[in-house]
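Taking it in order: structure first as structure tokens, then the write-up.
Values below: all heavy atoms of this structure, side chains included; hydrogens, waters and symmetry mates excluded. In the text below, chain A, chain B and the rest are named by the order of the sequence lines, each starting its count at 1.
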Amino acid sequence: MAPKRRSTPIIEGRVGMYVCGPTVYSDVHIGNCRTFVSFDVIYRYLMYLGYKVRYVRNITDVGHLEGDADSNAEDKISKKARLEQLEPMEIVQKYTNGFHEIMHRFNTLDPSIEPRATGHILEQIEMVEEIIKRGYGYEANGSVYFDTNKLLRETDVYGKLSGRKVEDLLVETRDLKNQDEKRHPSDFAIWIKADERHLLRWNAPWSEGFPGWHLECSVMSTKYLGERFDIHGGGNDLKFPHHENEIAQSYGACGNTPANYWIHSNMLLLNGRKMSKSEGNNITPVQLFTGDSPHISKAYSPMALRFFFLQAHYSSTLDLNDASLGAAEKGYRRLIDTYNTLKGLSSTVSKSEHALAGEMEQGIQAAFDEMNDDFNAPKAMARMFELCTVINKLADGQLSTDDAGQHTLDTVTKGFSDLLFVIFGLLDESAAGADDHMDQLQGLMQLVIDMRQQARLNKDWPTSDKIRDTLNAIHIELKDGKEGTQWKINEK
RNA sequence: GGUCGGUUGGCCGAGUGGCUAGGCACAGCUCUGCAAAAGCUGCUACAGCGGUUCGAAUCCGCUAUCGACCUCCA
């Protein structure tokens, strides 16, 4: 799955995929959205290939600490609850709802299972016990730590994923606070004794406390996908320490590493710089949808954003700015509009032997081939845009639809439709919402177009222009072509 | 400070040794009553310096720069 690797599922015909979900202590970050859109396309494509995919994406609602991990730090959910004077679960519910709403606007599919950390406390306690039993964990003052030093001595699994060297992990040069409980600086907490102000707490053999952040993913991936599964994904910034520690925990509890393939999506930049709330270089999904931000000149639709994300490979950083969003919006429209043009084409020849037919079928096949190479959506789209030129020439009469043949037109139409809607998960926004009254709208528009055509035949330009301009003002665009006038609804 | 990864034409972005995507923007043209839409044509870039090679955006080294991780972050 990952770059230039050929994948073989552990169980034939099935794929297990775990993706680290959000910590629900605030509104979802736009970079987070990019990550989940990337994995949505991977999920969709694997299903398209015929795999039965179990896609598990968690909700982190406990254990994710602020600042210095382990001792003095405060749980993110707990802190927010204290500040807003709400129950922690109210915070969790509020931001989980918001997260789902935004993801649905991006037209991402729901995961097969969306487990919560707080729903798996028992399993987490059991895993801590197992880790201790196997000698990879130790207790200190009611907290339990993972013994990374032991793991490093015995195996080469720790540090491999993130390319860290054993010496670097062992020789910790930074000043860390509250290291007294740990035997070694690189050890990390798997159970944390709660202090007085901590709201989220459960009884465990070692103390009343709460699980370490990394533990939930190990527990929930194991529970729903097994000790070994196919794909583990997440943002690049989770590679270390989060994913490295997951590997350690799985090894400590089960004696093996959890995932066959690790997929990491890269960061989203804003105006060429990293997003940072404190420096004001930040934008939210809602601000993008409404245009209410100094960073952008107008609103951008969820589908324009989704297309924008797909124009870069998931493993590359992507720079979000007003100009590139505008370019994506237009590219998205062109692709959808050309598909709608394609749907209307037909040929009197069922199967053509002309070179054009082969060219078009190879073109659409090439797009799928790109997806087979590490889910390369930007390259797949490039192949589709090349076909757009051909499709528009067919519609324009510059190429003959009979040279293409009905079979080829059908093949390309099917391929376009599958790629655009099933795999990329795009929607035709101009068509959405109008379904109920589409028949009436069609009839009405045909009447208006006929009347304008009559005016044009009479050379009554003021009337024909008034019709066109008035429609334009309400975002209905008329397109005069050789075959008559077409219309479409544009984004406001 | 350490480790790792980027630096591609006006902008965004593919691309791991010769065939040098794609989108947007821009210019000219075709079509059009005028436009719009659509089409055609043009726009040949790989941070800098040095090296390896018959040949490098692609490999190696140095420099600059941006970023990630090392400490919460997708």
Side-chain angles (χ1 to χ4, degrees), chain A residues 3-4 19-23 25-26 28-39 64-69 73-76 159 162-165 167-169 171-177 186 213 233-242 244 264-269 272-277 307-308 311-313 315-332 334-335 337-338 341 370 376-386 388-389 391-393 395-399 456 459-461 464-465 468-469 472 477-482 485-488:
Chain A
K4 311 295 178 199
V19 174
C20 291
T23 302
Y25 70 105
S26 67
V28 63
H29 190 283
I30 185 65
N32 220 324
C33 294
R34 182 200 179 190
T35 296
F36 297 133
V37 166
S38 296
F39 285 104
H64 203 161
L65 302 175
E66 292 219 314
D68 279 334
E74 189 167 8
D75 182 286
K76 287 187 171 190
S162 57
R164 285 196 160 52
K165 289 178 184 159
E167 309 86 72
D168 294 340
L169 290 165
V171 183
E172 188 61 71
T173 53
R174 288 171 302 120
D175 280 335
L176 287 176
K177 289 176 248 168
S186 60
W213 169 40
N236 218 2
D237 46 354
L238 293 180
K239 209 183 263 186
F240 189 91
H242 183 58
E244 208 67 78
H264 291 100
S265 65
N266 217 322
M267 299 294 106
L268 188 63
L269 306 176
R273 308 200 60 82
K274 77 167 179 175
M275 292 201 202
S276 158
K277 276 184 192 170
F307 178 93
F308 171 70
Q311 266 201 315
H313 194 254
S315 64
S316 302
T317 54
L318 172 61
D319 186 27
L320 186 143
N321 60 62
D322 200 44
S324 58
L325 286 174
E329 183 180 54
K330 290 191 176 171
Y332 158 70
R334 177 161 184 240
L335 203 51
D337 288 346
T338 305
T341 300
E370 301 292 7
N376 201 326
K379 282 186 86 173
M381 284 214 257
R383 301 289 85 74
M384 292 172 79
F385 274 111
E386 285 166 356
C388 284
T389 305
I391 291 162
N392 284 320
K393 281 185 184 177
D396 243 33
Q398 294 185 42
L399 288 172
R456 293 177 75 201
K459 297 197 189 299
D460 179 4
W461 310 128
S464 73
D465 286 353
R468 185 177 66 196
D469 296 345
N472 257 330
E477 184 184 355
L478 296 183
K479 299 193 279 191
D480 296 327
K482 283 203 170 62
T485 300
Q486 301 292 314
W487 64 279
K488 68 165 186 163

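Distances from the side chain of A/Arg273 to the nucleotides B/C40, B/G67, B/A14 place B/G67 closest. With B/C12, B/A21, B/A36 as the candidates, the nucleotide lying closest to the side chain of A/Lys379 is B/A21. Each of B/G22, B/C72, B/G39 was ranked by its minimum atom distance to the side chain of A/Asp396; first place goes to B/G39. Looking at the side chain of A/Ala312, the nearest of the listed nucleotides B/A14, B/C12, B/A21 is B/A14. Distance from the side chain of A/Asp237 is smallest to B/C69 among B/G39, B/G67, B/C69. The A/Phe240 side chain lies nearest to B/C70 when the options are B/A21, B/C40, B/C70. If you check B/C12, B/A21, B/G22 against the side chain of A/Phe385, the one that comes closest is B/G22. Distance from the side chain of A/Leu318 is smallest for B/C12 among the nucleotides B/C12, B/A68, B/C24. For A/Lys479, the side-chain atoms get nearest to B/A36 when compared with the rest of B/A68, B/A36, B/G23.
Residue A/Lys274 places at least one side-chain N or O closer than 4.0 Å to OP1 or OP2 of B/A68. For A/Lys393, a side-chain nitrogen or oxygen approaches OP1 or OP2 of B/C40 to under 4.0 Å. Between A/Lys330 and B/G23, a side-chain N or O to OP1/OP2 separation shorter than 4.0 Å is absent. Between A/Asn236 and B/A68 there is no side-chain polar atom (N or O) within less than 4.0 angstrom of OP1 or OP2.
Along RNA chain B, the nucleotide nearest to A/Arg383 and the one nearest to A/Pro241 differ in position, and the one closer to the 5' end is contacted by A/Arg383. Along RNA chain B, the nucleotide nearest to A/Thr338 and the one nearest to A/Ser316 differ in position, and the one closer to the 5' end is contacted by A/Ser316.
B/A45 sits 11 Å from B/G9 when the P atoms are compared, rounded to a whole Å. Taking atom C1' on both nucleotides, B/A35 is separated from B/A57 by 42 Å, rounded to a whole Å. For the C1' atoms, the distance from B/C29 to B/G67 is 44 Å, rounded to whole Å. Separation of the C1' atoms belonging to B/U7 and B/A47 is 6 Å when rounded to the nearest angstrom.
Among the heavy atoms of the strands lying under 4.0 Å from A/Gly31 is at least one base atom, whether or not backbone atoms are also near. Counting any heavy atom pair closer than 4.0 Å across all strands shown, A/Glu386 reaches sugar-phosphate atoms only and no base atom. Here A/Thr35 lies in heavy-atom contact (under 4.0 Å) with a base. Using a 4.0 Å heavy-atom distance criterion, A/Pro22 is classed as making no nucleic acid contact. Using a 4.0 Å heavy-atom distance criterion, A/Asn472 is classed as making no nucleic acid contact.
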Practice item. Show the numbers, then the answer: is there a side chain to side chain contact (heavy atoms under 4.5 Å, CB included) between A/Glu477 and A/Asn472? Key: CA-CA 5 Å; A/Glu477 184 184 355; A/Asn472 257 330; 4.2 Å; yes
Practice item. Report the C-alpha separation of A/Thr341 and A/Lys479 in whole Å, then their side-chain angles, then the decisive distance to 0.1 Å, and conclude whether the side chain to side chain contact (heavy atoms under 4.5 Å, CB included) test is met. Key: CA-CA 12 Å; A/Thr341 300; A/Lys479 299 193 279 191; 5.7 Å; no
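Between A/Asn321 atom CG and B/C12 atom P there is a gap of 6 Å when expressed in whole angstrom units. In this structure, the CE atom of A/Met381 is 13 Å from the C1' atom of B/A21, given to the nearest Å. The distance between atom CH2 of A/Trp213 and atom P of B/C72, rounded to the nearest whole Å, is 7 Å. Atom pair A/Asn376:CG and B/G13:P shows a separation of 14 Å (rounding to whole Å applied). In this entry the distance linking CG of A/Leu269 with P of B/G67 reads 8 Å, nearest Å. The CG atom of A/Leu238 sits 16 Å away from the C1' atom of B/C4 (whole-angstrom rounding). Note: CG (A/Leu268) to P (B/G5) measures 22 Å, nearest angstrom.
Relative orientation of the A/Phe385 and A/Phe307 rings is perpendicular, given thresholds of 30° and 60° on the angle between their planes.
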Protein-nucleotides 29-33 of chain B N/O pairs closer than 3.5 Å?
from	atom 1	to	atom 2	distance (Å)
B/G33	O6	A/Ser464	OG	3.3
B/G33	N1	A/Asp465	OD1	2.9
B/G33	N2	A/Asp465	OD2	2.9

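We find the SG-CG distance between A/Cys20 and A/Asp237 to be 10.0 Å, quoted to the nearest 0.5 Å.
A search for side-chain hydrogen bond (donor to acceptor under 3.5 Å, both in side chains) contacts involving A/Gln311 returns nothing, not counting sequence neighbours. Residues passing the side-chain hydrogen bond (donor to acceptor under 3.5 Å, both in side chains) test with A/Ser324 are A/Asn321, sequence neighbours excluded.
Salt bridge present: A/Arg468 and A/Asp465 bring a charged side-chain N and a carboxylate O closer than 4.0 Å.
Side-chain contact check for A/Leu325 versus A/Leu320: some heavy-atom pair is nearer than 4.5 Å.
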